[in-house]
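Encoded as structure tokens, the structure appears first; notes follow it.
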Amino acid sequence: MSFLGLGGGAPKLSSEQKVQAAEAELDMVTDMFNRLVDTCYTKCIEKSKGYSEGDVNKNEGLCIDRCVAKYFDTNVKVGEHMQKIGSSQFPGRR
Amino acid sequence: MSFLGLGGGAPKLSSEQKVQAAEAELDMVTDMFNRLVDTCYTKCIEKSKGYSEGDVNKNEGLCIDRCVAKYFDTNVKVGEHMQKIGSSQFPGRR
Amino acid sequence: MSFLGLGGGAPKLSSEQKVQAAEAELDMVTDMFNRLVDTCYTKCIEKSKGYSEGDVNKNEGLCIDRCVAKYFDTNVKVGEHMQKIGSSQFPGRR
Amino acid sequence: MDQLNGREQQEFQKLVEQKQMKDFMRLYSDLVQRCFTDCVSDFTTKTLTSREEGCVLKCTEKFLKHSERVGARFQEQNELLMKNMR
Amino acid sequence: MDQLNGREQQEFQKLVEQKQMKDFMRLYSDLVQRCFTDCVSDFTTKTLTSREEGCVLKCTEKFLKHSERVGARFQEQNELLMKNMR
Amino acid sequence: MDQLNGREQQEFQKLVEQKQMKDFMRLYSDLVQRCFTDCVSDFTTKTLTSREEGCVLKCTEKFLKHSERVGARFQEQNELLMKNMR
């Protein structure tokens, strides 16, 4: 479990720090899941007809599958690009 | 205090768990209040004229009252429907 | 460090309370920074052309500077106005 | 809350107080962001124009009155819900 | 997770359980807000009209099925990602 | 911050470090969501098209530069505010 390479090589963490790192990773995975549910719902679900059916139809289903795949793809591409251009300059506020 | 039936029948919780459950319930009530403020503001407040007055006018006021009532109604209906169709399958990610 | 006058005069806080107040202040500054990034991005960044360039151009840059300044200005004006009209009645839910 | 004993009530009360400040902060920040978004869209000046400032002040009052009214209705609905559950 | 020892795993597991209820609550609240926003816009009545209620129920089902499907794909993609990292 | 003593400062510093990682994560997730929303809307393919990828990379750079600039101005305004309060 090493989302975004977190935690991978870091040596000699205290027990408390290791559990905290695992918690941070869990929070990030949960956050990504919530964002996916939200974003792909907006992109894929047809509500123009006032929810004419409770099922996810075939078109919507395919769209959801690809939406998730492309979101992961985007996540990876953004991470690689940030490393390339030097993400160290990132947050600006510190 | 048993929003959504939480905590009602659960037996033999430790002190820590009981306080945690109460905290979770408080957080949920607060979260619902914040969502109501946001959602009903969007549904009811006329800002087209660039906020021509600081008061909540009669139409807006009635709209707010009904918006809150219908939001609670929706909350109950969603909960009942989820129990009926088997909310156990819900979060999908576990 | 006394954003919004928080913590300024309050006497005889316990160590725990002082650290908690400092944490609340840090959270608020961070939250404001995040809202600024989000709001000024929406107000200032031209994405109509599908992100034709990775740079922040001159117009965008000037807009960002003024957006941040006006956001701070708004923050101060809102605070002053709330004190004037009696913010005590504020949250309503308590 | 009747299932909490005295010591637990006290502990919970402490939590509530810690959260009230945060809640207030959040509502305040929501108000600022909303009124800024609704009222300010001219970025040729560095300070609020008088028109923008007027809009922000009216928006502030309206938001406060709105959230007060939502709060009152919220409490009523909540009490109704609790009563029906017993 | 292989870098956590037994006791740490246990502590982490406790955290996970505490968070699961919160996650469920959040998804539930998101669902209510979304279905309300999408289905309810007539404020001349105090209770849901039958048309609004029908919309809310279908929206609820659709949202649940949607989030289940996202969950299944999410897990697959996550496993793929982990495999590629080793 | 002058009202915190040495030990309190240290405790607070630890808190700050714990939060910095979270802040970074949040900004990263916001960036991904925003660039995905703005750049990806063709769901007939399973991987990013080259046009979408180009858009995502430019969006990433722009967002980073934007948040850097906001950060610089934010700090200036904050210092100004602190100075006026003394």
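So you know, we letter chains A, B, ... as the sequences are listed, proteins then strands, and number each from 1.
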query = Can you name the closest pair of heavy atoms from C/E53 and F/K62 and give their distance?
reply = O-CE, 3.1 Å

task = Below 4.5 Å from any heavy atom of chain F, which atoms of C/D27 appear? Answer side chain, backbone, both or neither.
result = side chain

inquiry  = Just to verify, what does F/E61 make a side-chain contact (heavy atoms from CB on, under 4.5 Å) with, not counting sequence neighbours?
reply    = A/H81, A/I85, F/K65

message = Pair C/M32, F/F74 - check side chain to side chain contact (heavy atoms under 4.5 Å, CB included), show working.
response = CA-CA 9 Å; C/M32 189 180 173; F/F74 184 80; 4.2 Å; yes

message = With a sphere of 6.0 Å drawn around CD of F/Q10, does it hold more than 12 non-hydrogen atoms of other residues, nucleotides or ligands?
response = no

key: Minimum heavy-atom distance F/R69-C/I64, with the two atoms named   = CG-CG2, 3.9 Å

Best-contacting candidate, C/C40, C/G61, C/C44, against chain F by heavy atom pairs under 4.5 angstrom = C/G61

inquiry  = To check you understand the geometry: which heavy-atom pair defines the closest contact between C/Y41 and F/C59, and what is its length?
reply    = OH-SG, 3.9 Å

note = One option among C/I45, C/V76, C/V19 has the most heavy-atom pairs under 4.5 Å with chain F, and it is C/V19

ask   = Looking at F/E11, F/E8, F/R26, which makes the most heavy-atom pairs under 4.5 Å with chain C?
value = F/E8

note = Note: F/F12 and C/E23 closest approach over all heavy atoms is CE1-N, 3.7 Å

task = May I ask you to name which of F/D38, F/D30, F/V56 has the most heavy-atom pairs under 4.5 Å with chain C?
result = F/D38

message = Quick one, C/D73 and F/Q77 - any side-chain contact, counting heavy atoms below 4.5 Å?
response = no

message = Ignoring hydrogens, what is the shortest heavy-atom contact between F/R7 and C/S15? Give both atom names and the distance.
response = NH2-OG, 3.2 Å

request  = Kindly indicate whether the side chain of C/L26, heavy atoms from C-beta on, has any atom under 4.5 Å from the side chain of F/K19.
outcome  = yes

request  = With a 4.5 Å cut-off on heavy-atom pairs, point out which of C/V56, C/L36, C/D65, C/V68 contacts chain F the most.
outcome  = C/D65

Trace of the side chain to side chain contact (heavy atoms under 4.5 Å, CB included) decision for C/Y51 with F/L57 = CA-CA 9 Å; C/Y51 290 105; F/L57 301 189; over 6 Å; no

inquiry  = Donor-acceptor pair, distance only, cut-off 3.5 Å: does the side chain of F/H66 make one with the backbone of C/V37?
reply    = yes

key: Where C/F33 and F/G71 come nearest, the two heavy atoms and their spacing   = CE1-CA, 3.5 Å

query = What part of C/N34 gets closer than 4.5 Å to chain F, counting heavy atoms only: side chain, backbone, both or neither?
reply = side chain

Contact origin within C/Q20 toward chain F - heavy atom pairs under 4.5 Å = neither

